[in-house]
*Asks:* 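Okay, handing you the structure first.
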Amino acid sequence: GKSEKTSGEKTGGKGDTAQDTLVYGRGGDSVSLDPAVVTDGESLKVTKNIFDTLLDYNDGDTSVQPALATKWEVSPDGLTYTFKLRQGVKFHDGTDFNAEAVVFNFERWANGNADTFPYYGSMFGGYKNDESHVIKEVKALDEYTVQFVLKRPQAPFLKNIAMTPFAIASPAAVKKYGDKFGENPVGTGPFVFKEWKRNERIVLEKNENYWLEGYPKLNQLIFVSIPDNSARLNALLKGEIDLMEDLNPSDLNQLEGNKDFRIFKRPSMNVGYVGLTTTRGPLKNKLVRQALNYAVDKKAIIDAFYSGQAEPAKNPMPPSIPGYNDAIEDYPFDLEKAKQLLAEAGYPNGFEMELWAMPVPRPYMPDGQKVAEAIQANFEKIGVKAKIVSYEWATYLDKAAKGEADAFLLGWTGDNGDADNFLYALLDKDSIGSNNYTYYSNDELHKILVEAQTVSDENKRNELYKKAQEIIKEDAPWIPLVHSTPLLAGKANIEGFNPHPTGSDKFTKVEFK
Amino acid sequence: MFAYSIRRIFMVIPVLLGMSIIVFFMIRAIPGNPAQVILGQKATKEAVEALTHKLGLDQPWYVQYFKYLGGLLTGDLGESIRTGASITEEIWPYLAATLELSLAAMLIAIVIGVNAGIISAWFQNSWFDYVAMVLALIGVSMPIFWLGLMEQWIFAINLDLLPTSGREEVRNPVTPITHLYLIDTLLQGNTEQFVQVLQHLVLPSVALATIPMAIIARITRSSMLEVMKSDYIRTARAKGLSMFWVVYKHSLKNATIPVLTVIGLQMGLLLGGAILTETIFSWPGIGRYIYEAIGYRDYPVIQSGILVVATIFILINLLVDLLYAAIDPRIKYN
Amino acid sequence: MSKHPVLEVKGLKTSFFTDDGEVPAVDEIDFYINEGEILGIVGESGCGKSVTSLSIMGLLPKGIGKIVGGEILFKGESIVNASEKRMKEIRGKEIAMIFQEPMTSLNPLFTIGNQMVEAIRIHSKMNKKQAQERAIEMLKLVGLPRAKEIMNEYPHQLSGGMRQRVMIAMAMVCNPSLLIADEPTTALDVTIQAQILKLMKDLNKNFNTAIMMITHDLGVVAEVCHRVVVMYSGKIVEEGDVCTIFKSPKHPYTIGLIQSIPDIREKKARLYSIPGNVPKPGSIRQGCRFAARCEHAFERCFKENPGLYETGEQGHKVRCFLHQREEEMNVERTVAAGERT
Amino acid sequence: MAELARNGTPVQNEKVKEESVSLWKEGWRSFKKNKMALVGTGIVLFFILLAVFAPVIAPYEINDQNLSMRLKAPSSEHVFGTDDFGRDIFSRVIYGARISLWVGFFSVLGSVIVGSLLGIIAGYYGRWIDGMISRIFDIMLAFPSILLAIGIVAVLGPSLKNALIAIAIINIPNFGRLIRSRVLSIKQEEYIMAAKAIGMSDARILFHHILPNSMAPIIVQGTLAIATAIIEAAALGFLGLGAQPPNPEWGKMLADSKDYLTQAPWTMVFPGLAIMLTVLGFNLMGDGLRDALDPRMKN
Amino acid sequence: MSEPLLQVKELKKYFPITGGIFGKKIGEVKAVDNISFTVYKGETLGLVGESGCGKSTTGRMLLRLIEPTEGSIVFENKEITSLSKLELRKMRREMQMVFQDPFASLNPRHTVEKILEEPLIVHGIGSKQERKKRVQEMLEVVGLSSYHAKRYPHQFSGGQRQRIGIARALMTHPKLIIADEPVSALDVSIQAQVLNLLEDLQKEFGLTYIFIAHDLGVVRHISDRIGVMYLGRLVELADSDKLCENPKHPYTKALLSAVPIPDPEYKQDKQLLSGDLPSPSNPPKGCAFHTRCSACMEICKTTRPEFKEIEQGHYVACHLYP
Ligand SMILES: Nc1ncnc2c1ncn2[C@@H]1O[C@H](COP(=O)(O)OP(=O)(O)OP(=O)(O)O)[C@@H](O)[C@H]1O
Ligand SMILES: Nc1ncnc2c1ncn2[C@@H]1O[C@H](COP(=O)(O)OP(=O)(O)OP(=O)(O)O)[C@@H](O)[C@H]1O
Ligand SMILES: [Mg+2]
Ligand SMILES: [Mg+2]
Ligand code: NI
């Protein structure tokens, strides 16, 4: 850790001063480097830099901008999308990027199934022969024009197209490596895959022929896995890494006074919540759920365990997403009111229940156990005795999905910045069994959410979502806790790094000053 | 002797078989579907079902078990269901990392432990003896994870003497040959890296060495004392041999046997117990490999990982037994 | 020819310092061994025989056992407070020792040859080869067949009798002037015991080695020793020529001991037996230590400790008030003799 | 008859009133002389008293959160400082003694009971039963024990009780083997031969002779095992697999304060010291007991 | 002294030696190899021999503490080898054993009272008070005092412990006592006490003894008849005077001459045996003693001599006496 100078010399041999290798410390390793086959963020963080998508998100939000596609047109019925592709782009293996390549990739995914290309199915309603499959066909109109024909309108279609998983891979390489493509990724992105040492590091090198003139700035990009948050911070402090994610909010003050380092805040696109399983015991009662909502002191929790780097949540989706209902008033922290509601519901002396605590840190919940402990203490005050239970992550999800938890901590990070990706995915009755762990089922809400999926008028859609949020607030299947601001920390001389709300960052413009 | 070794090796087989069965059923008793874990929180039901089927997890247990066993017999440890990588190929780097760490720890433990034990026995009831034995007792009583953290706090963070975690310099990674980095860097003649690797090794190996060191010191001392009371040592002294020779030639060899047993056992414990150290020091070893695999319900990895560790443990004990025979001519196994 | 003592022990007192306080295992004993003489030391278990021999060798367990008084003169040189360096020279070269348990007295992990050669090279400048030859020679001398092969064998490959022979060979390599044998045959069968005893007698005759033979078997004493010291609870109770001791023992303990042995030559109607138990050393602080078991004990025996009185016969001494009178008579006699000259 | 008695009566110088001293009493006497063992016993007693009188001693409610008082350094108000919930660490460490001692004692009790049973069956009946039980022990011992414990807790679900069960299970083969070897060696003792010779049944031999003679090593090993069990429980707690919040289990406290190592080291130092001291106490006591009760077990 | 109490015929005990890859039996130790003898009521039969010749094994087989490999043991007309476990345990009331090591044969955690009472409890004899009383009586009989009852074995000296061992054997009023080297661990002066005690008890209770020892002097003193064993076989059996004064077997002769005589003036021409005892796992062919025998003939190397009566009551197994 102490030989920063020597290694600086080694890696950045040319420049005397400027460093051109960035070591990015993160919590876990990737599963595969084929973005289409994975669902985990750790894989996508890397592939984002190896591959490009047709469209990309803007820095800092989820509106789309050109990437491999330079222009696009939507037919008025919302069923045909025509993309003009960037010319002269080459894959890392030297083959050309063109419309055929785009078609090849989409065909590949559409011919798959939920197991092989999970994200495709969930974002585009299924696969080739499925009734619900949204995409009717993908055609190459000419060498640099691709046309998508949909079966029915899909409001977030462009946002979906911009998602990291739908990155365009070299057809030649896909054919060449077959199953092993995930270990030999070839894309058009700013960095070229060089080496992967499992559970330790992935090394990417500058793509000299990148289509964005003058970029990337870095010569090498290294992702290293350091599971423990404090260990990662130590590594940063000792110069072993340059940039780290998932900084413990509690470590914030340690860095704040330090001139050598700076904090990066990832715009929030998440929600952390307490799920109240609506089919279990006293929680069946709406009044009880509301009472519990009154009993949680979100502010104190945020101060203590997020170091203030979060805002209290009142809705199941973050404010940055269109359709957010800011008019809603949150349940205030009011123990008297809570007690009163409990009494009304027939539990004047409270009751006992389990409160499940997440065993793993997530951006929206850096320490589930502690948040649970704080909430436990809150509940105690209104006579609700919560026993904290924790399972391993796998078991936790499995059991919670089966509705075995009374109250549980969980959260969600948006994939594409669309309200549907929150409200429908998490609280619609269709999602029971997948991501609606509370078993909350409201027909009125269902109708609204389904309607919103096909409405292409932005304003109309937003109205529908606002209505939905009102219903949810009233039924209180959750105690929305926070929209956290995930923290990153890095060397003070890093420039051009704007953490993206989706959690996957492109390092094209990053450099050391 | 030969027959004995063969017999011992044969006896290992039922143990390994038993272990594979226990591991097989135990991890399947752990709630949580690997498919769900792999696909994560956001997976759809269909995706989970499809993956479950693909992984063969919907087959009856005996089919799964015998398939796995069949693979084992051909030397195939299976494939990780999370990454699809072949475990046979993947496991060595982890194992090597753990081996390097444990061997370093064992070396420290043996060198310091044995010598402290000898000196304590030699100067029984001296102040050295008292201090060494009290330290040894404290060492045995030390929660290793706490020690590791305290080491980090003091030596890495406060004093900034040594790296906090990892096996190598991230910016200056070792090109693996054997994956035992000390050896690799030496083979490549890269002294700078050698020193770096060594620096990374210090804290975790010292943390890991503490308990075995303490145990070895205590055993060495008591077995030396025992031996030094024996008739043949009295004979040696009656011959006019000096104390130094009596201690280092006669007593030590005789006292080695219980010490060897302990070293064998501790080596096995180190291999498994490295989990905590590896977690604290982000050491990419087999303990962490298995521990993380438990989190992902990566059945083949857990099974094969544990079997590999157990096999090594058993082999080490076999080795210890064979060493006895080499040291002690009385042990004629036939 | 006059006899010179190789070893003189004067007022030796050795104590053990245990949790229960000081235990005087050997309490002011005096004896001597002449050149070429076999001295037998007999006594029951725990009476201090081994402690005596270890005191002489300077091999008392460190920290527990200590010589608290008296003198040990080896060829006139005091060795009680000799330096460890000097003791190393004496041990093995001048005074050699063999032990009771042939099974455990040899280091099981080294070959016989290794241990023999080591013994030789400690005290001589021989090279390895010479030492090996000398070792083989010694092994042949003690009557071991296959001496060459045995050099490469380990102790466990030999029988008890053979091991004891190896021990003797090892003790004899430097031609010591004194061999201390601490119950060398107790662990062996009678037929093997007979072989070993013969060997020791031969060595004594051929090399004029003085032997201090510790045993509790009076038969062995009668068979090999020239002179006998009888110990009881850390004290010498009788000392004399072997014939004197067996033909006219004076101490009630010696008498009882001799009478209580069954004889294979004839069947005694009933054995004589000394009543009571062997006392732990240090448990009796007052009076004669044998008084409690003695048929002849009278009041004084329980109060005072008798001295070692000379009986009439040459070199015969007894620690018993019954013989004080004889002592006095002796004095008279010597006085008378003195008057005569 | 009278003559017989006279001939036999050897006791003349013996005090008639010598008390009867069992090996236990003898053991206790030598234990009392062992200073280190007494120190160990003292430490253990100290923690037992802490555990028993925790409600009296502890100055604060252990679960009283006060988020405004987070991570305060030791002061006269909070002797060991406060943790990240603003709770008094001193009080929590005191209550932690309850948990650690409870887990240590009962897990070892469990493994002693099950292990002894299996060990006795294996040792006494031998043959295939022995073969089978011994193999099972071999298998369990070939596992890295902490992994086995993690596995068991993963199956049962993380909780203090399950951690206790897991620790008990992983220690079973140790006791099983100990007892088995004791039974095997005692079986060879002449007094067992003598018991058989007077026509005693197997069961009686087992329960009147073999078991009582195995007690000393069990107690010694048990005491030492409590020490390891406490560490193991703390390790499981540290990995989040043992005690669940807000239980002030020491290992869990360490895990919870791991992130504050640099800013609030006192949150780590005191629970760690508590573990070490308790374990040291049991180890010292165990060593002393071994010297007193079962000198053969020395190594 | 006429009626046979115990008849042993062709008794054998082979201990298996295991080894090899699968721990199979690869040989056997012929610890006791075909011995026959008879014990008459009220007599003492001595068994002598060197270490490892099978004395203890024989003694233990008589009580079936070790299962015989072959042969028959008839005690008071009952075939012991075919008794069921329960019958056997009852039968052990009649036959008792005294062991060699007075330090190992008493359970260190039981008081003397418990040790002595146990045989009675096991066989369901007497009420609690009666048992206690009997313990007191028996202590007096073996020369201890009743106040010793509450003490533990380690508080006694070796001789006293051996008395306790004897007392335990006597508790159930057995007919036969097998004493396996009862005095070899004791000091000479104590040894005489115990021997005397045994003799007195025999007279008082009309006991029959099988007395095992390696010290010929002791055996001679206490036995009416003596059997000499060598490598698992009986080589000579005769009246004790006859055996000592007129031994027939070369081994007996050698053994007798090897015994040191506590008389410095007694000079005797020693017949030293050469070599060591062969291993019982691989005994010499023919006469087991032929390797060390000074009178060895050709036939000795090939044919095992029969154990037969050459004079009235004098049995020898040697080719010198055809
Ligand atoms: N290491 C020791 N620690 C304490 N006391 C000891 C020690 N060694 C010997 N003694 C005491 O010294 C006394 C004499 O012991 P010693 O070994 O000389 O007896 P011995 O005559 O050789 O007996 P034996 O015939 O059994 O060999 C013993 O009774 C014992 O109490
Ligand atoms: N359990 C056993 N397993 C194998 N061999 C045995 C066993 N018990 C005894 N032996 C062997 O049987 C032979 C006879 O043993 P035994 O104990 O009967 O001899 P002994 O005449 O009583 O000898 P000692 O005088 O030493 O007591 C010995 O060679 C011994 O090694
Ligand atoms: Mg001795
Ligand atoms: Mg025997
Ligand atoms: Ni002279």
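Letters A, B, ... are given to chains in the order of the sequence lines, protein chains preceding strands, and every chain is numbered from 1.
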*Asks:* Answer yes or no: is there a donor N or O on one side and an acceptor on the other, between the side chain of E/H110 and the main chain of D/H209, under 3.5 Å?
*Replies:*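 No; judged by distance alone, with no hydrogens or angles, the pair does not exist.
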*Asks:* Give the member of E/K150, E/R109, E/Q100 that has the highest number of heavy-atom pairs under 4.5 Å with chain D.
*Replies:*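 Answer, by heavy-atom pair count under 4.5 Å with chain D: E/R109.
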*Asks:* The test is side-chain contact (heavy atoms from CB on, under 4.5 Å); show your working for D/I198 and E/R92 and say whether it passes.
*Replies:* CA-CA 6 Å; D/I198 60 174; E/R92 285 181 179 157; over 6 Å; no
*Asks:* Are any side-chain N or O atoms of E/R89 and backbone N or O atoms of D/G199, one a donor and one an acceptor, separated by less than 3.5 Å?
*Replies:*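 Yes; at least one donor-acceptor contact below 3.5 Å.
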*Asks:* Find the distance between CG (E/N107) and CG (D/N213) and round it off to the nearest 0.5 Å.
*Replies:*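 Going from the CG atom of E/N107 to the CG atom of D/N213 covers 4.5 Å.
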*Asks:* Give me the atom names and distance for the closest heavy-atom approach of D/A194 to E/S105.
*Replies:*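 Smallest interatomic distance, heavy atoms only, reads CB-O, 4.0 Å.
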*Asks:* Checking E/E118 against chain D: side chain, backbone, both or neither under 4.5 Å from a heavy atom?
*Replies:*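 The answer is both parts of E/E118.
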*Asks:* With a 3.5 Å distance limit and no angle check, can you tell me whether E/H123 reaches the backbone of D/M200 through a side-chain donor-acceptor pair?
*Replies:*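 Between the backbone of D/M200 and the side chain of E/H123 there is no qualifying donor-acceptor contact (under 3.5 Å).
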*Asks:* Counting only heavy atoms closer than 4.5 Å, note whether E/L88 contacts chain D via side chain, backbone, both or neither.
*Replies:*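 No part of E/L88 comes within 4.5 Å of chain D.
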*Asks:* Donor-acceptor pair, E/Q96 side chain versus D/A197 backbone, under 3.5 Å?
*Replies:*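 Answer holds: yes.
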*Asks:* Quick check on E/K85 against chain D: is it the side chain, the backbone, both or neither that has a heavy atom closer than 4.5 Å?
*Replies:*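 For E/K85, the contact with chain D is made by the side chain alone.
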*Asks:* Could you list which of residues 173-180 of chain E have a heavy atom closer than 4.5 Å to any heavy atom of chain D, in residue-number order?
*Replies:*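 Residues of residues 173-180 of chain E touching chain D at under 4.5 Å: none.
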*Asks:* Sequence neighbours left out, cut at 3.5 Å: what donor-acceptor pairs do the side chains of residues 99-108 of chain D make with other protein atoms?
*Replies:*
| from | atom 1 | to | atom 2 | distance (Å) |
| --- | --- | --- | --- | --- |
| D/S107 | OG | D/V103 | O | 2.8 |
| D/S107 | OG | D/G104 | O | 3.2 |

*Asks:* Could you look at E/L63 and say if it's the side chain, the backbone, both or neither that has a heavy atom under 4.5 Å from chain D?
*Replies:*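 Side chain of E/L63 only, per the 4.5 Å heavy-atom cut-off to chain D.
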*Asks:* Using a strict cut-off of less than 4.0 Å between a Lys/Arg side-chain nitrogen and an Asp/Glu carboxylate oxygen, indicate whether E/R60 and D/E190 qualify as a salt bridge.
*Replies:*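 Answer for the salt bridge query: yes.
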*Asks:* Taking C-beta and beyond as the side chain, do E/P108 and D/Y191 meet within less than 4.5 Å on heavy atoms?
*Replies:*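 Counting from C-beta outward, E/P108 and D/Y191 do come under 4.5 Å.
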*Asks:* Counting only non-hydrogen atoms closer than 4.5 Å, does E/M91 touch chain D with its backbone (N, CA, C, O), its side chain (CB onward), both, or neither?
*Replies:*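 No part of E/M91 comes within 4.5 Å of chain D.
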*Asks:* When you look at D/M193 and E/M97, which way does the side-chain contact (heavy atoms from CB on, under 4.5 Å) test go after all the steps?
*Replies:* CA-CA 9 Å; D/M193 199 56 107; E/M97 200 150 178; 5.8 Å; no
*Asks:* Take a 6.0 Å sphere around NZ of D/K33 and say whether it holds more than 12 heavy atoms from other residues, nucleotides or ligands.
*Replies:*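 Atom NZ in D/K33 is packed in, count exceeds 12.
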